[in-house]
Peer 1: 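Pasting a structure here, questions to come.
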Amino acid sequence: MGQTILLEQAGLCTPPALQPPGGLVPSFCCGAPRTRRNHSPAFPGVADDTASPLAPSKTVPRCAPDSQGRAHSCGGSGCKPAAPCSSTAVPHPSVPGEAGLPIVLLAGPTGVGKTAFAVRLARLLETEIINADSMQVYRFMDIGTAKPGAEERSLVLHHLLDVVNPDEPFDAARYLDLAAPVIESLHGSGKIPVVVGGTGLYMKVLTRGICPAVPGDPAIREQLLCEEREKGLAALHAELLAVDPPSGQRIHPNDRQRVLRALEVFRHTGETLSGSQDRHRFARTLFRAVKIFLVRSREDVYQRIERRVDAMIAQGFVKEVAGLLEMGYGPNLRPMLSLGYKQIAAHLRGETSLDEAVCRIKRETRRYAKRQMTWFRADPEFQWFDAADEESILARIREELAKHKG
RNA sequence: GGAGAGGUUCCCGAGUGGCCAAAGGGAGCAGACUGUAAAUCUGUUGGCGAAGCCUUCGGAGGUUCGAACCCUCCCCUCUCCA
């Protein structure tokens with residue numbers, strides 16, 4: 001096994017009892033998970049017909065006109081193709097919607113074993129993998145993002161990995177712009193793409209499109225930040241409440257990121273974010289998907305996180321972060337503020353010991369895993385499977401795909 | 001052996017007679033999420049419940065209408081002196 005291959009995959013092919021070398025849980029780690037009750041993950045099993053990912057969504061028009069009866073603006077492409085309405089508005093040639101080939105979405109909390117299982121699945125389906133992890137799109141960030149290693153990549157072609165530098169802007173819309181054509185191309189050759197990752201929003205956007213609101217505007221953003229410094233966030237929230245009441249009510253006054261975004265949209269376009277979202281509503285289906293969520297018991301996931309972070313350190317995570325900083329990727333860049341990178345950078349600045357950094361990474365990773373479960377729990381189309389039960393998952397996927405062919 | 005300080009709800013820590021199931025922080029748990037999403041934010045945290053009731057502030061007694069808070073004894077921890 002290559003060194004860069006992460007523990008994630010170990011659990012899939014070997015009994016959980018087989019611990020990786022050095023997998024001892026360090027006793028220094030504060031806040032070790034206290035699992036009071038036996039969390040038994042929900043396995044909703046097969047979704048009912050209405051919620052079935054493969055059930056055609058009968059009511060949704062492929063490209064609904066907006067309230068004014070005009071086709072919404074897809075960069076002038078007039079909605080002919082079911083193109084994602086994004087900044088660049090790449091018109092996608094096909095109209096997948098409910099008729100085209102499906103995709104397989106493979107999600108799960110960090111460290112359940114998505115990467116390895118995806119490779120297996122992709123080989124069985126003789127297809128390719130599309131990354132749906134918001135951090136693995138960045139170059140030079142390999143160890144800390146648990147990016148698939150050379151071995152995995154040699155077995156199956158991976159897309160959307162290493163597509164931008166850490167100082168380039170990247171967001172859900174850009175993700176859609178890049179991923180949709182890959183899916184279409186794979187569909188063109190009769191393949192069913194396996195989309196793997198833990199970023200719920202990216203998966204949602206990939207299957208349902210994104211609200212055609214404007215992209216972020218640096219000038220307006222700067223102005224807003226300036227006003228925030230002068231008047232405070234509360235004043236900006238008050239303004240939002242006045243200008244876009246639904247958004248103002250929905251967005252908590254402390255949620256700086258969303259308050260700023262909503263105001264940014266309004267100032268840029270004169271249209272409210274809520275209005276735009278109301279028209280969008282994730283109503284269309286861009287790609288039908290078989291949605292699989294891999295789970296393990298809470299204890300299990302936490303233990304795997306523990307081991308995985310230790311393994312990252314052993315593989316040279318600190319060196320990786322130092323290297324990024326040397327390359328000139330500053331500690332305030334978005335990806336450098338992500339899980340792990342942020343804490344290691346703080347350690348390199350001398351703010352914390354390595355032990356402390358590791359401890360924090362583990363804790364933040366546990367929280368992240370929890371948030372992922374919350375996100376995917378909210379989407380009933382995802383069917384939850386015990387990650388160790390590969391056969392059931394494969395059977396289920398085969399069943400769905402067969403149904404589709406028939 | 002002597003002197004002093006202290007033992008508070010999962011942890012740290014405030015509280016020094018009623019307004020205390022007990023501030024604040026941490027950790028945990030739950031939730032939200034449409035262009036930063038590995039981000040950002042919210043709620044909650046003794047038990048049972050509708051009010052309300054029950055158990056809790058090292059232990060056992062006591063004072064008081066009433067005690068985490070006052071008194072006595074005991075146990076434990078820390079600091080200093082021998």
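Below, each value reflects all heavy atoms present in this structure, side chains not excepted, and no hydrogens, waters or symmetry copies. Per chain, numbering begins at 1; letters A, B, ... match sequence-line order.
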Peer 1: Give Gly144(A) one of three labels, base, sugar-phosphate or nothing, depending on what nucleic acid heavy atoms sit under 4.0 Å from its own.
Peer 2: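 Contact class for Gly144(A): base.
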Peer 1: Grab the two heavy atoms, one from Pro212(A) and one from His280(A), that are nearest each other, plus how far apart they are.
Peer 2: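 Taking every non-hydrogen atom into account, CD-ND1, 4.0 Å.
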Peer 1: Would one find a side-chain N or O of Arg298(A) under 4.0 angstrom from OP1 or OP2 of A30(B)?
Peer 2: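 For A30(B), OP1/OP2 do have a side-chain N/O of Arg298(A) under 4.0 Å.
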Peer 1: Between U36(B) atom C1' and Glu264(A) atom CD, what is the distance in whole Å?
Peer 2: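 Going from CD in Glu264(A) over to C1' in U36(B) covers 11 Å.
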Peer 1: Among the nucleotides G35(B), A37(B), A30(B), which one has an atom lying closest to any side-chain atom of Ala173(A)?
Peer 2: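 For the Ala173(A) side chain, the nearest candidate turns out to be G35(B).
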Peer 1: Both distances below 3.5 Å, Watson-Crick or wobble geometry, any strand: find the nucleotide opposite A50(B).
Peer 2: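 By the stated definition (distances under 3.5 Å), nothing pairs with A50(B).
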Peer 1: Could you give the distance separating A39(B) and A27(B) at their P atoms, to the nearest angstrom?
Peer 2: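 That atom pair is separated by 14 Å.
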Peer 1: Enumerate all atom pairs, one protein N or O and one N or O from nucleotides 23-25 of chain B, separated by less than 3.5 Å.
Peer 2:
none

Peer 1: Looking only at the side chain of Asp171(A) (C-beta and beyond, no hydrogens), which of the listed nucleotides U34(B), G35(B), G28(B) gets closest?
Peer 2: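 The listed nucleotide nearest to Asp171(A)'s side chain is G35(B).
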Peer 1: How many whole angstroms separate atom CD1 of Ile251(A) from atom C1' of A39(B)?
Peer 2: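 The answer, rounded to whole Å, is 15 Å.
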Peer 1: Rounding to an integer number of angstrom, what distance separates U40(B) and G46(B) when you compare their C1' atoms?
Peer 2: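 These two C1' atoms come out 32 Å apart once rounded.
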Peer 1: Specify the separation, in whole Å, of atom CZ of Arg371(A) and atom P of U42(B).
Peer 2: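 One finds 13 Å between P of U42(B) and CZ of Arg371(A), rounded.
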Peer 1: If you check the Arg334(A) side chain, which of U40(B), A37(B), G35(B) turns out closest?
Peer 2: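 Of U40(B), A37(B), G35(B), A37(B) is nearest to the side chain of Arg334(A).
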Peer 1: With rounding to the closest Å, how many angstrom separate the P atoms on A68(B) and U56(B)?
Peer 2: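 Straight-line distance between the two P atoms is 9 Å.
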Peer 1: Respond yes when some side-chain nitrogen or oxygen of Ser338(A) is under 4.0 Å from OP1 or OP2 of A39(B), and no when none is.
Peer 2: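 No, outside the criterion.
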Peer 1: Trp375(A) CH2 to A39(B) C1': how many Å, rounded?
Peer 2: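 About 12 Å, once rounded to whole Å.
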Peer 1: Could you check whether Glu227(A) pairs with Arg267(A) (Lys NZ or Arg NE/NH1/NH2 to Asp/Glu carboxylate O, under 4.0 Å)?
Peer 2: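 Result for this pair is yes, salt bridge flagged.
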Peer 1: Heavy atoms only, 4.0 Å cut-off, all strands: where does Lys370(A) land among base, sugar-phosphate and nothing?
Peer 2: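 Answer is base: heavy atoms of Lys370(A) come under 4.0 Å of a base.
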Peer 1: Could you report the tightest heavy-atom contact between Pro193(A) and Ile130(A), atom names first, then the distance?
Peer 2: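 Looking at all heavy atoms of both residues, the closest pair is CB-CD1, 3.9 Å.
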Peer 1: Strictly below 4.0 Å, N to O, side chains only: are Asp310(A) and Lys362(A) in salt-bridge contact?
Peer 2: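 The answer is yes: the pair qualifies as a salt bridge.
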Peer 1: Looking at U55(B), which nucleotide sits across from it as a Watson-Crick or G-U wobble partner, both distances under 3.5 angstrom, or is there none?
Peer 2: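 Here U55(B) is not engaged in any pair, so there is no nucleotide opposite it.
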Peer 1: So which heavy atom on Arg261(A) is nearest to which on Ala213(A), and how close?
Peer 2: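 Heavy-atom minimum between the residues: NH2-CB, 3.8 Å.
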Peer 1: What is the distance from CZ of Arg174(A) to P of U36(B), rounded to the nearest Å?
Peer 2: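 Arg174(A) atom CZ is separated from U36(B) atom P by 13 Å.
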Peer 1: Identify, residue by residue, the members of residues 220-248 of chain A with a heavy atom below 4.0 Å from RNA chain B, and return them in order of residue number, or none.
Peer 2: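 The answer is Arg221(A).
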Peer 1: Indicate the atoms forming the closest heavy-atom contact of Tyr202(A) with Phe170(A), along with that distance.
Peer 2: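 So the minimum-distance heavy-atom pair works out to OH-CD2, 3.6 Å.
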Peer 1: Under 4.0 Å between a side-chain nitrogen and a carboxylate oxygen: does that hold for Lys147(A) and Glu152(A)?
Peer 2: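 Salt bridge absent between Lys147(A) and Glu152(A).
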Peer 1: Is it true that Lys191(A) and Glu128(A) make a salt bridge, defined as a side-chain N closer than 4.0 Å to a carboxylate O?
Peer 2: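 A salt bridge is present here (some side-chain N lies under 4.0 Å from a carboxylate O).
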Peer 1: May I ask which nucleotide in the shown strands pairs with G1(B), Watson-Crick or G-U wobble, both distances under 3.5 Å?
Peer 2: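 Check on G1(B): paired to C81(B), both distances under 3.5 Å.
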Peer 1: My understanding is that only one of Glu400(A), Glu381(A), Gln383(A) makes a side-chain hydrogen bond (donor to acceptor under 3.5 Å, both in side chains) with Lys291(A); could you say which?
Peer 2: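 Considering Glu400(A), Glu381(A), Gln383(A), a side-chain hydrogen bond (donor to acceptor under 3.5 Å, both in side chains) with Lys291(A) is found only for Glu381(A).
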Peer 1: For Asp278(A), which residues count as a salt bridge (charged side-chain N to carboxylate O under 4.0 Å, His left out) partner, sequence neighbours excluded?
Peer 2: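 Salt bridge (charged side-chain N to carboxylate O under 4.0 Å, His left out) list for Asp278(A), sorted by chain: Arg281(A).
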Peer 1: What is the pairing partner of G66(B), taking Watson-Crick or G-U wobble pairs with both distances under 3.5 Å in any strand?
Peer 2: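 The answer is none; no pair meets the criterion.
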Peer 1: To the nearest angstrom, how far is Gln372(A) atom CD from A32(B) atom P?
Peer 2: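 Rounded to whole Å, this separation is 15 Å.
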Peer 1: In whole Å, I'd like the distance from the CZ atom of Arg367(A) to the P atom of A39(B).
Peer 2: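 Computing the Arg367(A):CZ to A39(B):P distance gives 11 Å.
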Peer 1: With rounding to whole Å, what would you report as the distance between C75(B) and G59(B) at their P atoms?
Peer 2: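 Rounded to whole Å, the distance is 15 Å.
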Peer 1: May I ask you to verify if any side-chain N or O of Arg366(A) is less than 4.0 angstrom from the OP1 or OP2 atom of G28(B)?
Peer 2: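 The answer is yes; a side-chain N or O of Arg366(A) sits under 4.0 Å from OP1 or OP2.
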Peer 1: Can you find an N or O donor on one side and an acceptor on the other, under 3.5 Å apart, linking the side chain of Arg261(A) with the base of A37(B)?
Peer 2: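 Answer no: no donor N or O sits under 3.5 Å from an acceptor.
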Peer 1: Expressed as a whole number of Å, how far does the C1' atom of G62(B) sit from that of U55(B)?
Peer 2: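 The answer is 22 Å between these two C1' atoms.
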Peer 1: Take atom P in G17(B) and the same atom in G26(B), then report the distance between them in whole Å.
Peer 2: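 It works out to 30 Å between them.
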Peer 1: If I pick the C1' atom on C80(B) and the same atom on U9(B), what distance separates them, to the nearest angstrom?
Peer 2: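 Straight-line distance between the two C1' atoms is 32 Å.
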Peer 1: G31(B) pairs with which nucleotide, Watson-Crick or G-U wobble, both distances below 3.5 Å?
Peer 2: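 Answer to the pairing question: C41(B), which forms a Watson-Crick or G-U pair with G31(B).
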Peer 1: Start at the 5' end of RNA chain B and walk down; is the nucleotide closest to Glu364(A) or to Gln277(A) reached first?
Peer 2: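 The residue whose closest nucleotide sits nearer the 5' end is Glu364(A).
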Peer 1: Once you apply the 3.5 Å cut-off to both distances, tell me the Watson-Crick or G-U wobble partner of U72(B), or none.
Peer 2: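 With both distances under 3.5 Å, U72(B) matches A60(B).
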Peer 1: Could you tell me whether His252(A) contacts a base, only the sugar-phosphate backbone, or nothing, with contacts defined as non-hydrogen atoms closer than 4.0 Å?
Peer 2: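 Sugar-phosphate contact only - His252(A) comes under 4.0 Å of backbone atoms but never of a base.
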Peer 1: Measuring only the P atom in each nucleotide, how far is C53(B) from U44(B)? A whole number of Å is fine.
Peer 2: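 Per the computed distance, 23 Å lies between those P atoms.
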Peer 1: Side chain of Gln257(A) only, please: which of A32(B), U34(B), A37(B) is the nearest?
Peer 2: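 Within the option list, the nearest is A37(B).
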Peer 1: Just to confirm, is there a sub-4.0 Å distance from OP1 or OP2 of U40(B) to any side-chain nitrogen or oxygen of Asn254(A)?
Peer 2: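 It does not, given that no N or O in the side chain of Asn254(A) lies less than 4.0 Å from OP1 or OP2 of U40(B).
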Peer 1: Does a nitrogen or oxygen in the side chain of Arg258(A) sit under 4.0 Å from OP1 or OP2 of U42(B)?
Peer 2: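 No.
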Peer 1: Identify whether the distance between the nearest side-chain nitrogen and carboxylate oxygen of Lys204(A) and Asp379(A) falls below 4.0 Å.
Peer 2: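 Here Lys204(A) does not pair with Asp379(A) in a salt bridge, since their nearest N and O are not under 4.0 Å apart.
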Peer 1: Quick one: which of G35(B), U40(B), C29(B) gets closest to the side chain of Tyr302(A)?
Peer 2: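 Taking heavy atoms from C-beta onward, the closest nucleotide is C29(B).
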Peer 1: Counting any heavy atom closer than 4.0 Å, what does Arg250(A) reach on the DNA or RNA strands: base, sugar-phosphate only, or nothing?
Peer 2: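 Arg250(A): backbone/sugar contact only, no base atoms under 4.0 Å.
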Peer 1: Tell me the partner of A23(B), counting only Watson-Crick (N1-N3 plus N6-O4 or O6-N4) or G-U wobble (N1-O2 and O6-N3) with both under 3.5 Å; none if nothing fits.
Peer 2: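 The answer is none; no pair meets the criterion.
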Peer 1: Need one value for Tyr202(A): base, sugar-phosphate or nothing, where a base atom within 4.0 Å counts as base even if backbone is also close, heavy atoms only.
Peer 2: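 Answer is sugar-phosphate: Tyr202(A) comes under 4.0 Å of backbone atoms only.
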Peer 1: Quick one: Phe282(A) CZ to C33(B) C1', roughly how many Å, whole number?
Peer 2: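 From Phe282(A) CZ to C33(B) C1': 9 Å.
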Peer 1: Side chains of Tyr138(A) and Glu168(A): donor-acceptor distance under 3.5 Å anywhere?
Peer 2: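 Their side chains do not contain a donor-acceptor pair, so the 3.5 Å distance test is not met.
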Peer 1: Taking atom NZ of Lys319(A) as the centre, does the number of heavy atoms from other residues, nucleotides or ligands within less than 6.0 Å exceed 12?
Peer 2: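 No, not enclosed.
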Peer 1: Starting at the 5' end of RNA chain B and moving along, which residue's nearest nucleotide shows up first, Gly216(A) or Gly340(A)?
Peer 2: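 It is Gly216(A), whose closest nucleotide lies nearer the 5' terminus.
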Peer 1: Would you say the side chain of Arg256(A) and the base of U40(B) hold a donor-acceptor pair, judged only by whether the two atoms sit under 3.5 Å apart?
Peer 2: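 No.
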Peer 1: Under a 4.0 Å threshold between the charged nitrogen and the carboxylate oxygen, would Lys342(A) count as salt-bridged to Glu364(A)?
Peer 2: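 No, this pair does not count.
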